[in-house]
Amino acid sequence: MKADGHIHTPYCPHGSTDPLEDYVKRALELQFTEITFTEHAPLPSSFIDPTPKQDSAMNANDVETYIADIEDLKKKYKSEIKINVGFEVDFIEGYEEETIHFLDKYGSAIDDSILSVHFLKIDNDYVCVDFSEDAFKTITSRFGSVENVYRAYFATVEKSLLANLGRYKPKRIGHMTLVQKFQKQFPVTEDFKDTISSLLSSIKRLNFQLDYNGAGVVKALCKEPYPPNWVVDEAVKRNIPLVYGSDAHSVNGLNQGFQQLIYKAALVSPTEG
Ligand SMILES: [Zn+2]
Ligand SMILES: [Zn+2]
């Protein structure tokens, strides 16, 4: 079993235009036996995307075509690889109702999905933590310190775990330490061990899987997977299912970070873990 539970597609406006089928062909070359396409689910219609081009997620009008395209590939490659329809769903504090609405509408078509935090709420406004190092700098001054941004990030992940998002709530937490994306430029003086350990306890108690995300490894200012090794150690001790995620936004991004993961033997299939 070699699975990738976190793959973006040409439907992503900040990704590449690489055709969907090319991802499948490349995944076969890399000997993956299962993949989930997890495009960024459309943001709630009343939410204003804080990124400059407002291109954080797929267009709501494309959802049905997206699902149909994956269903076609699923059939075509049935004997070679298991392909899942999925979404990376944003947890946005204060937009839970609209998120439930999306999940209720499409949940029956979803095989596997991820719940991720990219946006943090501050003073009735929202910021995107992973957009760029410049934007991150502005965010740290709004929150007062890098440590405060970390605190807000982990608190939001905790809220995402506890949130009522209806019967189709995703069962996997995306890149739980994404706030470390620019860590080489914005070091912190705390290790957040207690906070992260308590998050892991919630993840275990609530039966979530963890996205063991290789994208951070290839980010020049991160150089580590999300989450890093010590967190993975703790997760393995607690028997939390780990699902590799390349978080590829291009065909070339498939398999990224995979070689650097510790505990490859502990990786599970996204639909069987
Ligand atoms: Zn993306
Ligand atoms: Zn993400």
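Because the structure is predicted, anything quoted here is derived from the model rather than measured. First listed ligand is number 1; within each ligand, the first listed atom is number 1.
- Phe119 has its ring centre no less than 6.0 Å from the ring centre of Phe91.
- Here Tyr11 pairs with Tyr66 under the ring-ring contact (aromatic ring centres under 6.0 Å, His included) rule; sequence neighbours left out.
- When you scan the N, O or S atoms of His175 for the one nearest the Zn ion (ligand 2), you land on NE2.
- The shortest heavy-atom contact between Asp112 and Pro270 is OD2-CB, 3.2 Å.
- Residue His118 counts as close to the Zn ion (ligand 2), with an N, O or S atom under 2.8 Å.
- Separation of the Tyr95 and Tyr126 ring centroids falls under the 6.0 Å cut-off.
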**Q.** Check against side-chain hydrogen bond (donor to acceptor under 3.5 Å, both in side chains), His14 and Asp55
**A.** CA-CA 6 Å; His14 60 259; Asp55 61 354; 4.6 Å; no
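- Closer than 2.8 Å to the Zn ion (ligand 1) sit the protein N, O or S atoms His14 NE2, His40 NE2, His249 NE2.
- A salt bridge is absent between Glu133 and Lys181; no separation between the charged side-chain nitrogens and carboxylate oxygens falls under 4.0 Å.
- With hydrogens and angles disregarded, no donor-acceptor distance shorter than 3.5 Å links the side chain of Ser113 to the backbone of Phe87.
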